[in-house]
Amino acid sequence: MILNSKFLRSKVARRIFVLFVACALVPMAVFTTLSFIQVSRQLRSQNQRQLQQAAKSLGLAVYERLTILDSDLQVASLRIQRGDPMPSPTSELHFQTMTVWKGQSVPEANSISTMTASESTHLLSGKSLIRLDSCSANKSVKCILIVRMIDLDHPASGLIAGEVDSNYLWSADRLPADIDLFALGPGKEILYSSNPDKTSAATVPSQRNASGFFAWRSHGTVYDAAYRDLFLRAEFLAGTWTVILSQNHQDAFAPMQHFRDTLFLVAVLAMWIVILFSLIQIRRTMGPLEKLGEGTKQIAEQNFDARVEIASGDEFEDLAASFNSMSSRLGRQFHTLRAINDIDQAILSSLNRDAVVSTALSRMPNLLPGECFALVIFQPNSADSAFVQLTVRVPQSDVLRTFADRIALPSELQQLQRDRSLQILLDPEHAPDFLLPLKDLGVTSVLVFPILLEHRPFAALVCGLSPTAPMTDEDIHHAIQVADQLAVAFSNVQLIEAMEQLHWGTLTALARAIDAKSAWTAGHSERVTQLALKIGSAMGLSSRDLQIMHRGGLLHDIGKIGTAPEILDKPGKLDATEMQHMRDHVRVGVRILEPITAFTEALPIVAQHHEWFNGGGYPEGLAGDEISLHARIFAVADCYDALVSDRPYRKGVPRKQVVEMLKEKSGIQFDPTVIDVFVRLCAEDDTIHATKEDARLVEQTI
């Protein structure tokens, strides 16, 4: 429903509108703000709980994996007791390395010092011992070793120690991508870090519970973190480890950002709904008065077809009915004038002769009584003859028929130059030759109204008279007005046609001037353009596309104005510098034509007709559909004409051979679709295959 807001000019309407909107939007704004605050708190609390729960679950999983590792080590010790081979720590177990030794002294390679009394007691109790030591690969991260006795019944059998695989123990790859994992030892040393660029060791609260939540900052970024302590002393005689899960604060609150944006859009939508319904309600109240006021203005502006539609069921509805009755009586008197105005606008907005004729004939039955209507156009070709074209609207039909013939100029033509209207009987004695087609359609009498250009008859409006509805003097006056307007329309059409001829003539002259810079390229631009237009027509391009191609094709090499003649006419191969100068003609052409708005759509032809379909061309290295279809067509036409034409450094290549050369470059230098159409147009019975040397000629066309 489209509402006209002009009624808001009323002070009463504006007051109601402001009150209505304020009463609706203020509570909505308060509700929106409170909802945002409440949801923010809930999301923050939910995120903390989820992060803490994840840290707790990870801590339990790590403890469970330590237990599994202890079991794996126990299994390995049993194998050693039985004399079985040492298991592979990486394939069968989850250890990086595994070492067995006997005696009190521990090898340096294992980095395990002599056991203390408490550690020996712990090992003799059948439990495993966890030791932390510096890793050889990364001194800042501690390696985790699990040690246990091989045989409790025979302590002298020695110890077995395994370096834990950190990837298995921490399994950080199972965590979401936006969560970082840190593991700290008893002295806050780093046991594991999924993101070495970050650390949270210094940010864990000193006085804390076994689990909790805290925030920390790194490089200006705020992170939320949850931690969980692992108590390992009872089972592994190790200090407390701390597992920390950290998440970027902004990532955690991304849903809140989405909620805020959505809430804003909902608020805006609600505001527009409130405004819409307020306007509807005010319109129902103020609408009848506005319609009556607007209807009065329409009458004052002689718009007598205007109607006031009010269905309020009150006095306004009765007043609207009276107003419409008055408007109808006045409107009938001005209907004819409006019809003439419509015809004037229609024919003056038409841009070609056929459109003017068709538009005028289709509108005439709405203006004048008549059996049929026709337009005759005279094109004198000598002093006593002319080419005559008659277009008639068939009686009792909307069909237009056109008759054309070269006839002698009748005497009535001189009369048309003197009289504004001329009645002619279509009988064998009086009917002029150019009106005989009307006689064949059963018309017996016509009124002819001359259309003069430069005081000479250019055309004539013909009205077939009906015996049941004769023309009045007022009708004849209206017909003369239409004839005068047709004279203006035809004059405009002739001016447009002259401008079009001047436009294309100028472009053709400029193209010839470009080609004339070198004797070897005379006519190149016109030939390339005509071939490209044939290809475009065969591909089913629209007339607008063909017009763009015509305009751009004539000037596609305009940049060669800036190319030195000695380069254009050089009989030998161009060196690298000369080749670059030659290739610069594309960019030069674009710079020349850029200031002309009318060439905007044709610029891709100038800029891209040397691009290759596989991206190997110049100047931008475009490929495939990145190159405009117009330029892809011209690339084929331009290369074809360049190869079949003589050049200072070679003779022209035979046509059939060029076709084969271009086919070999399909999908490489040229668009395969364009090549297929081109080959179809150039199809011959004999096929000549191009050599590799010929293929290089295609690549070198510039």
Side-chain angles (χ1 to χ4, degrees), residues 51-77 86-100 109-112 119 122-123 127-148 159-201 204 210-211 225-247:
L51 206 57
Q52 287 178 313
Q53 183 62 36
K56 179 181 178 181
S57 299
L58 181 61
L60 294 176
V62 169
Y63 190 87
E64 181 181 357
R65 294 183 193 119
L66 286 173
T67 304
I68 294 173
L69 289 167
D70 184 28
S71 299
D72 291 343
L73 199 62
Q74 187 175 0
V75 171
S77 65
M86 172 73 77
S88 173
T90 56
S91 61
E92 301 181 31
L93 307 177
H94 299 96
F95 292 98
Q96 293 284 356
T97 61
M98 189 175 292
T99 306
V100 177
N110 295 283
S111 299
I112 301 177
E119 290 174 336
H122 183 80
L123 290 173
K127 297 180 179 180
S128 295
L129 176 68
I130 289 181
R131 299 289 299 271
L132 302 178
D133 205 349
S134 297
C135 292
S136 58
N138 187 355
K139 299 297 183 181
S140 62
V141 178
K142 296 294 184 180
C143 287
I144 302 172
L145 302 176
I146 300 180
V147 183
R148 71 175 295 115
L159 303 177
I160 183 171
E163 181 182 335
V164 176
D165 184 355
S166 60
N167 292 329
Y168 167 73
L169 180 61
W170 305 111
S171 298
D173 55 343
R174 300 182 183 179
L175 295 173
D178 59 341
I179 293 182
D180 295 323
L181 167 62
F182 304 97
L184 307 180
K188 293 188 177 180
E189 63 271 25
I190 300 176
L191 301 181
Y192 182 81
S193 174
S194 63
N195 192 337
D197 295 334
K198 302 175 185 177
T199 178
S200 62
V204 180
S211 63
Y227 66 90
R228 175 73 177 184
D229 288 341
L230 297 181
F231 302 102
L232 305 175
R233 179 164 297 276
E235 188 66 26
F236 297 101
L237 197 62
T240 301
W241 291 2
T242 303
V243 176
I244 302 172
L245 293 180
S246 179
Q247 183 180 28

Any chance you could lay out the side chain to side chain contact (heavy atoms under 4.5 Å, CB included) test for K127 and L237, step after step, and finish with the verdict?
CA-CA 9 Å; K127 297 180 179 180; L237 197 62; over 6 Å; no
Under the side-chain hydrogen bond (donor to acceptor under 3.5 Å, both in side chains) rule, collect the residues that match up with R148, sequence neighbours excluded.
D70, S128
Rounded to the nearest 0.5 Å, how far apart are [atom1] of [X] and [atom2] of [Y]?
X	Y	atom1	atom2	result
S77	M98	OG	CE	9.5 Å
I130	E119	CD1	CD	12.0 Å
D165	C143	CG	SG	11.0 Å
D229	I244	CG	CD1	9.0 Å
L230	L66	CG	CG	7.5 Å
R131	L145	CZ	CG	8.0 Å

Identify the heavy atoms of [X] and [Y] that sit nearest to each other, and give their distance.
X	Y	value
Q96	S166	NE2-N, 4.5 Å
W170	A183	CH2-CB, 3.3 Å
G239	P186	CA-CG, 3.5 Å
A76	I160	CB-CD1, 3.8 Å

Are any of the side-chain heavy atoms of D72 and H94 separated by less than 4.5 Å?
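Contact flag for D72/H94 side chains = yes.
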Geometric class of the Y63/F236 ring pair [parallel <30°, tilted 30-60°, perpendicular >60°]:
perpendicular
From CA spacing to verdict: side chain to side chain contact (heavy atoms under 4.5 Å, CB included), V62, Y192:
CA-CA 12 Å; V62 169; Y192 182 81; over 6 Å; no
If the test is side-chain contact (heavy atoms from CB on, under 4.5 Å), which one of S193, S246, S194, S171 qualifies with L181?
S194
Candidates L191, L69, L73 - the one meeting side-chain contact (heavy atoms from CB on, under 4.5 Å) with V164
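When L191, L69, L73 are each tested with V164, the side-chain contact (heavy atoms from CB on, under 4.5 Å) holds only for L69.
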Are the side chain of H122 and the backbone N or O of A234 linked by a donor-acceptor pair below 3.5 Å?
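Judged by distance alone, no pair lies under 3.5 Å.
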Judged by atom type as modelled, is there a donor-acceptor pair below 3.5 Å linking the side chain of R65 to the main-chain atoms of L169?
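Looks like yes, one N/O pair under 3.5 Å.
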Show your reasoning for whether side chain to side chain contact (heavy atoms under 4.5 Å, CB included) applies to Y227 and L184.
CA-CA 10 Å; Y227 66 90; L184 307 180; over 6 Å; no
Report the C-alpha separation of T242 and K188 in whole Å, then their side-chain angles, then the decisive distance to 0.1 Å, and conclude whether the side chain to side chain contact (heavy atoms under 4.5 Å, CB included) test is met.
CA-CA 8 Å; T242 303; K188 293 188 177 180; over 6 Å; no
